[in-house]
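Just below is one structure, and these are the notes that go with it.
Chain identifiers are assigned alphabetically (A, B, ...) following the order of the sequence lines, protein sequences preceding nucleic acid strands; residue numbering begins at 1 within each chain.
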Amino acid sequence: MDPDAGSSTAVSWPSASTAGAAAKEEEGGGKQVLVVLVGPPGSGKSTFAEAVQGGSAAGRPWVRVCQDTIGNGKAGTKIQCLKAAADALKEGKSVLLDRCNLECEQRADFVKLGNHVHVDVHAVVLDLPAKVCISRSVSRMNHEGNLQGGRAAMVVNRMLKKKETPFLTEGFSRIMFCKDDNDIKKVVDMYNVLGPSDSLDSGVFGQNSKGPVQVGIMKFLKKPGSSVEKFSGPKVTPSESIPQMQNHFSKQESLEAGGTCPVEAEEEFSNSKKIEEQSRERVLSDISSHTLAFPSISTADFHFDLDRASDIIVDAVAEVLQKYDNIRLVLVDLSQKSRILSLVKDKAAKKNINSNRFFTFVGDITQLHSKGGLQCNVIANAANWRLKPGGGGVNAAIYNAAGEDLQRATKECADTLRPGSSVTVPLPSTSPLHQREGVTHIIHVLGPNMNPMRPDCLKNDYTKGSKILHEAYTSLFENFVAIVQSCMGKQNTEPALEKPATGVTSPNDSKTKRECTHDSERTKKHKLVQPNVSSNQATEGDIKRSAVTTTKMWGSWAQALHELAMHPENYKNSDSVLEISDDFVVLNDLYPKAKRHVLVVSRRDGLDSLADVKKEHLPLLRRMHSAGVKWTQKFLEEDSSLVFRLGYHSVPSMRQLHLHIISQDFNSASLKNKKHWNSFTTTFFLDSVDVIEEIEQRGSATISSDDRVLAMELRCHRCRSAHPNIPKLKSHIANCKSSFPSHLLQKDRLLSSSTMHMDCT
DNA sequence: GTTCTAGAAC
DNA sequence: GTTCTAGAAC
């Protein structure tokens, strides 16, 4: 790649003729730069630094900090370089750090320094062939660091063995690789025209794609109790001013290898340190891909106050990083001038967030690896509530980059998304985004909504909006953690719940759906689920099923059906009771939610709900189903325009297993609220045919004990359009003539005069 | 499951 | 002001 490919920033600023203080004054525009040169002796670092310093045509004041010369005749130290760099930056100057910096550890303190004083930290890698460096260093005379002749060849070889390619995650905002003098010249030219207020785009430029894999960058991925723990670097605190940093460094001074090319360097590593390094690399390579890249959610659509949004991001990030160790988060924005990015960066630094575990990044979220050199196995999508492509921005970009695979995979996981929630979609390996960028999962997230045509519009309610935005990020991070945990093959303290997602459920696709995860709504009470559900006992699969047995507490009001089932003779004169058999009672629902709404109530004591049903109950279920079909037929004879659905509520409110037979007009005054609607039109409603089939195959029914589907937005059961409230929904469904969703047209899930081969008169 | 009602939304 | 939702009580 051309080294200046990323220098798209215009450099047409007025040239500041004065240096130093003048540059500092202009800080509002661009930033100072700390250029960390990376290269062995003979690679041309000093020549590069002198060329930039001497050729600056744009008024940017440069200071060269060179370890070879900083000791005034004696061997210079890293500490001296750090101090000199800190001083120069404090004076508003940009710094060229002229030392080898071949190892991550050698660079780390300088990067930290640059990030602390909020300057851009660049790496310029002088990646020339070893023989070139050797030949230059061997033959040169009067080298500043007195490294020349035969000794130089040995040192260059030794150092190159230890070379660790710089990576953005070390804290660099930009890395440029120079393979030859031509590349070097281009980079020098780029800096020469970089005015005091200019800045260069973030990213990696000129890297050879088959470069070595960088493992050292993963040192942030410590796990408590593991050997990696020992390698967590000194904790960075916001109050850690430069002098304090220097104190810290001075303690380590004896351990630090000299900057330029000390022959002694190799001896500085004790055996124990080597062992630690090896074990670190081994562990870290296992979890090296656990990185989530996410865009800023809702800030464009919602016109969210960016200051508040950045607080929310930083808070949510801090919370999740505190809870989990082995993850890395990256906030991505396309624009170099992104305000949300700079706000978040500043606040994260102030909040003492480890910049290795969370950082901001300028780039295209769909090309982080190929263009940015940043490997992220999971990326978040600022999705729309329909989970559909389009709309521009990140959503469109991700759908475009991932191809149709993403649409298909998303559809298998969920139909919609509520504000403040997220859903994980495993990205098929056939997707270009998977193949090219190494992205294995997309997590769709939906922030607060302000479009009055959509459900849950917040208008200008920032309190609520903030809450939802925080929920959205938390949900995103929890889902990401769940992916990481499942990749690591273990469930930690707080595994994110794995649930069947919203939308279509059928035996055919239930497997894939289970692989998707929806967010857990921690604040919501699960009133219908009693503690004995024992979610924490779930081990493999983690699908809560059939766990609600005999000990569920039923309120007195919930006992009516049980009472009826046990003593149907007491009700035989009631108008509501249509049929009594040994197995069941058929009755009109007391509060019908449609023109026709009938219950087939099992008479078996102990079968409180579907969760209690086992294979031995199949004959009963089949008989209940047949009774339902028989009565449906009768109703269709009375009104052939009706369409019926037969099914069970996942978690019923009334005790005693009962099958609903309900016409799909939903034209009833008793249908009053969201829970009523969603209990019949979401996955909460399990079709009788599917329940029977699953019990035949698995021995029990898969039940989502998650009642969040009941709180979902109101959508037409035919055309899936959304409506803000019950009255509007009702007026819509009264007129909606759309055909039913295709899955309902299969397997006799819908019964009508045509499917039952009756005459339509 | 429904009813009642406070308070949010309009 | 009225409409609508959501939570508590039953």
Side-chain angles (χ1 to χ4, degrees), chain A residues 302 418-421 448-468 471 521-530 548 552-566 571 574-577 585-594 596-602 607-611 647-662 666 668-682 684-686 703 705-715 722-734:
Chain A
F302 194 54
R418 273 185 314 107
S421 71
N449 166 40
M450 94 163 241
N451 185 336
M453 293 307 289
R454 297 180 197 160
D456 305 310
C457 170
L458 288 175
K459 295 239 161 157
N460 291 316
D461 186 346
Y462 268 93
T463 309
K464 211 167 185 182
S466 299
K467 188 168 163 277
I468 290 173
E471 281 174 10
E521 200 171 319
R522 284 151 299 279
T523 53
K524 202 131 203 157
K525 289 184 207 162
H526 290 256
K527 292 203 291 189
L528 298 176
V529 182
Q530 300 302 313
V548 185
K552 169 163 177 167
M553 301 291 286
W554 299 96
S556 57
W557 49 264
Q559 304 281 2
L561 291 180
H562 182 255
E563 173 64 21
L564 166 88
M566 296 304 109
Y571 301 85
S574 158
D575 289 344
S576 292
V577 174
V585 177
V586 181
L587 78 156
N588 283 315
D589 195 300
L590 196 58
Y591 299 93
K593 304 301 183 292
R596 273 290 182 191
H597 186 185
V598 165
L599 305 179
V600 182
V601 185
S602 149
L607 277 192
D608 288 349
S609 76
L610 205 50
Y648 298 87
H649 279 161
S650 292
V651 183
S653 298
M654 302 292 283
R655 179 183 176 190
Q656 198 65 16
L657 181 71
H658 56 280
L659 172 68
H660 291 267
I661 302 162
I662 186 162
F666 295 110
S668 164
S670 295
L671 199 159
K672 291 175 176 169
N673 60 42
K674 198 177 246 187
K675 186 176 173 183
H676 292 154
W677 177 254
N678 282 335
S679 73
F680 289 101
T681 59
T682 67
F684 193 85
F685 190 82
L686 302 172
I703 288 161
S705 54
D706 174 15
D707 59 355
R708 288 173 310 160
V709 286
L710 298 178
M712 278 180 20
E713 68 274 10
L714 300 165
R715 301 174 136 258
H723 301 272
N725 54 45
I726 290 286
K728 292 203 168 77
L729 172 76
K730 283 188 159 188
S731 63
H732 169 81
I733 60 172

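- Among the atoms of the strands shown, only primed sugar atoms or phosphate atoms (P, OP1, OP2) are found under 4.0 Å from some heavy atom of A:Ile726.
- One can place CG of A:Asn673 at 10 Å from C1' of B:dG1, the figure rounded to the nearest angstrom.
- Every stem involving DNA chain B, taken as at least 3 paired positions in a row under the Watson-Crick or G-U wobble test at 3.5 Å, is listed here: B:1-10 with C:1-10.
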Only pairs under 3.5 Å count here: list side-chain donor-acceptor contacts from residues 555-563 of chain A, not counting sequence neighbours, and write none if there are none.
from     : atom 1 : to       : atom 2 : distance (Å)
A:Gln559 : OE1    : A:Arg655 : NH1    : 3.0
A:His562 : NE2    : A:Asp605 : OD1    : 3.0
A:His562 : NE2    : A:Arg655 : NH2    : 3.4

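- Residues forming a side chain to side chain contact (heavy atoms under 4.5 Å, CB included) with A:Lys672 (at least two apart in sequence, or on another chain): A:His676.
- Distance A:Trp557 CH2 to B:dT3 P: 13 Å, rounded to the nearest Å.
- A 4.5 Å side-chain heavy-atom check between A:His732 and A:Lys728 finds every atom pair outside the cut-off.
- Considering only residues two or more places apart in sequence or on other chains, A:Phe685 meets the ring-ring contact (aromatic ring centres under 6.0 Å, His included) condition with A:Phe680.
- The side-chain heavy atoms of A:Leu610 and A:Leu657, taken from C-beta on, include a pair separated by under 4.5 Å.
- Computed from coordinates, the A:Phe680 CZ to B:dG1 C1' distance equals 11 Å when rounded to whole Å.
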Quick one: which protein N/O atoms are closer than 3.5 Å to N/O atoms of nucleotides 4-8 of chain B? Pair and distance per line, please.
none

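- When the side chain to side chain donor-acceptor pair (under 3.5 Å) test is applied to A:Thr681, the partners found at least two apart in sequence or on another chain are A:Trp677.
- One can place CD of A:Gln559 at 17 Å from P of C:dC10, the figure rounded to the nearest angstrom.
- One interatomic measurement links the two molecules: NZ of A:Lys674 to P of B:dT2, which rounds to 17 Å at whole-angstrom precision.
- Side-chain contact between A:Pro652 and A:His658 is present, with heavy atoms from C-beta onward closer than 4.5 Å.
- Backbone-only contact: A:His676 has heavy atoms under 4.0 Å from sugar-phosphate atoms and none from a base.
- If you check every strand for non-hydrogen atoms under 4.0 Å, A:Lys728 touches nothing.
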- Query: Is there a side-chain contact (heavy atoms from CB on, under 4.5 Å) between A:Glu471 and A:Ser421 once you walk through the steps?
  - Reply: CA-CA 7 Å; A:Glu471 281 174 10; A:Ser421 71; over 6 Å; no
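- Taking a centre distance below 5.5 Å and an interplanar angle below 30 degrees as the stacking criterion, A:Tyr591 does not stack against the six-membered base ring of B:dG1.
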